[in-house]
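Atoms considered below: every heavy atom in the structure, side chains included; atoms not considered: hydrogens, waters and symmetry mates. Order of the sequence lines fixes the chain letters, A, B, ..., with proteins taken first and strands second; residue numbering starts at 1 for each chain.
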There are 2 protein chains.
Amino acid sequence: MNKVFHAITEKQQDAATANASDMTSDYQLEDQVGFILRCVNQRHLSIFSRLIPDLTPTQFSALAKLCETGQASQNELGRMIAIDAATIKGVVDRLKLRGLISSESQPSDLRRLILKPTAEGRQLFEQIGAAALKVSEETLRPLSDKERHLFIRLLMKLR
Amino acid sequence: MNKVFHAITEKQQDAATANASDMTSDYQLEDQVGFILRCVNQRHLSIFSRLIPDLTPTQFSALAKLCETGQASQNELGRMIAIDAATIKGVVDRLKLRGLISSESQPSDLRRLILKPTAEGRQLFEQIGAAALKVSEETLRPLSDKERHLFIRLLMKLR
DNA sequence: CACAAACTGTTAGCATACAAACTAATTTGC
DNA sequence: GCAAATTAGTTTGTATGCTAACAGTTTGTG
């Protein structure tokens, strides 16, 4: 397989500034932050779906945020959890279909749909809340406590 | 926060609401590693598509790995860049459609499709290689050099 | 007031991503 | 030697996630 795993950013910085004529020799896909990010995300999604088979991470985010705020319009909810208007529609539709949230038109602004968690939605959120914390714990398990805090701090800077 | 009103809501039918405020107080979506990971990935994808509009990150990964290895079977390629068999098929189809890679059946094992980058594929890879390194650089820009190395090291541990 | 600008939700189209079920070809194990 | 297990690739279905275009609604400005 591939043996080059630990030649981190040395090469990419050189090549970023220099003129790379032979990409193949100095470009290592495995060292690129985007590639590793995707792999880590992949692992996280796998942990999530194992510990919380009932909801996707996105659905859980939407439900959690709605439980936290009490109510929100559809696009507002999307903005709060960084999901665009086109995507949040599908997420909301599926949560509504399962009876976890409700929607009603807002009389003072006919464009808006006011979303609220249903009793079932709140109950489910309570049920899986502990598991959600376990997901984070398991995702970060390869790191020490000190490293975890450091990692989260750095990760937040890259948002 | 609304613990003050606990006595009031407690009697109501929606005890779930009272529980929800408990959960809300110790669960912060924004602090969960999975949520931030998704946001950082989002930012990275945005940088990538701005600097490299020609290919998606996944397509670039496939092309880059194929240029590096010279050739590989379809599933083999998928395994090397952490893409499952169902997904890699679409990626390969689109790269073939654009003439960036070629495929031929392997006589010694009729199940296998041997993929190779075409001359155009190699040329494109060379062309956008520098931009690919810039993507990593811009993604990590909020961090100092020291922090970048540290971050990549921690990120790799979480793969 | 009129009208352009901005906003809300919707739709269509494209590209990952993953699970599950399936065919065909090859390898293993007895 | 041959049935069983494994592997390669395909297909279907579901869910994100993004862009672009669109219709209503509301707002801001002249």
task: Just do the side chain to side chain contact (heavy atoms under 4.5 Å, CB included) check on B/Glu76 and B/Arg112 with the steps written out, would you?
output: CA-CA 10 Å; B/Glu76 215 171 14; B/Arg112 289 175 147 237; 3.8 Å; yes
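- In this structure, A/Asp54 places its CG atom 16 Å from C1' of D/dA15, rounding to the nearest Å.
- With the nearest nucleotide of DNA chain D identified for both A/Asp84 and B/Asn75, B/Asn75 has the one nearer the 5' end.
- In this structure, A/Arg38 reaches the C/dA17 phosphate: one of its side-chain N or O atoms is under 4.0 Å from OP1 or OP2.
- Rounding to the nearest 0.5 angstrom, the gap separating the CG atom in A/Leu113 from the CD atom in A/Glu104 is 9.5 Å.
- When rounded to the nearest whole Å, the span between CD1 of A/Ile114 and P of C/dT8 equals 11 Å.
- At a threshold of 4.0 angstrom between heavy atoms, the contacts of B/Ser73 are confined to the sugar-phosphate backbone, with no base atom among them.
- The interatomic distance linking B/Leu113 (CG) with D/dT10 (C1') rounds to 11 Å, in whole Å.
- Residue-level contact check: A/Leu45 touches neither bases nor backbone, having no heavy atom under 4.0 Å from any strand.
- B/Ile88 comes within 4.0 angstrom of no nucleic acid atom, judged by non-hydrogen atoms across all strands.
- The base of C/dT8 has none of its N or O atoms less than 3.5 Å from a complementary donor or acceptor on the side chain of A/Arg111.
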task: Give the intermediate values and the outcome of side-chain hydrogen bond (donor to acceptor under 3.5 Å, both in side chains) for residues B/Ser102 and B/Lys96.
output: CA-CA 6 Å; B/Ser102 68; B/Lys96 274 200 293 193; over 6 Å; no
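- Per the geometry, CZ belonging to A/Arg50 stands 15 Å off P belonging to C/dC18, to the nearest Å.
- Neither OP1 nor OP2 of C/dA15 sits under 4.0 Å from any side-chain N or O of B/Thr87.
- The pair A/Arg141-A/Glu137 meets the salt-bridge criterion, since a charged nitrogen lies less than 4.0 angstrom from a carboxylate oxygen.
- The nearest whole Å value for the distance from the CD atom in A/Gln74 to the P atom in C/dT8 is 11 Å.
- For C/dT8, the OP1/OP2 oxygens have no side-chain nitrogen or oxygen of A/Gln106 closer than 4.0 Å.
- Note on ring orientation: taking the six-membered ring where Trp is involved, the planes of A/Phe125 and A/Phe60 are tilted (angle from 30° to 60°).
- One finds the CD1 atom of B/Ile101 at 8.0 Å from the CD atom of B/Gln74 (value rounded to the nearest 0.5 Å).
- Distances shorter than 4.0 Å separate some side-chain N or O of A/Thr58 from OP1 or OP2 on D/dG17.
- Comparing B/Asn41 and A/Lys89 against DNA chain C, the residue whose closest nucleotide sits nearer the 5' end is A/Lys89.
- Atom P of nucleotide C/dA17 and atom CD of B/Gln42 are separated by 14 Å, given to the nearest angstrom.
- Between A/Gln59 atom CD and D/dT14 atom P there is a gap of 13 Å when expressed in whole angstrom units.
- Nearest-nucleotide mapping onto DNA chain C: of B/Ala82 and A/Ala85, the residue sitting toward the 5' end is A/Ala85.
- Taking atom CD1 on B/Ile83 and atom P on C/dA19, their separation rounds to 14 Å, with Å as the unit.
- Listed nucleotides: C/dA19, D/dT25, C/dA25. Nearest to the side chain of A/Asp109: D/dT25.
- Considering only side-chain atoms of B/Arg112, the nucleotide from C/dA20, D/dG9, D/dA15 that sits closest is D/dG9.
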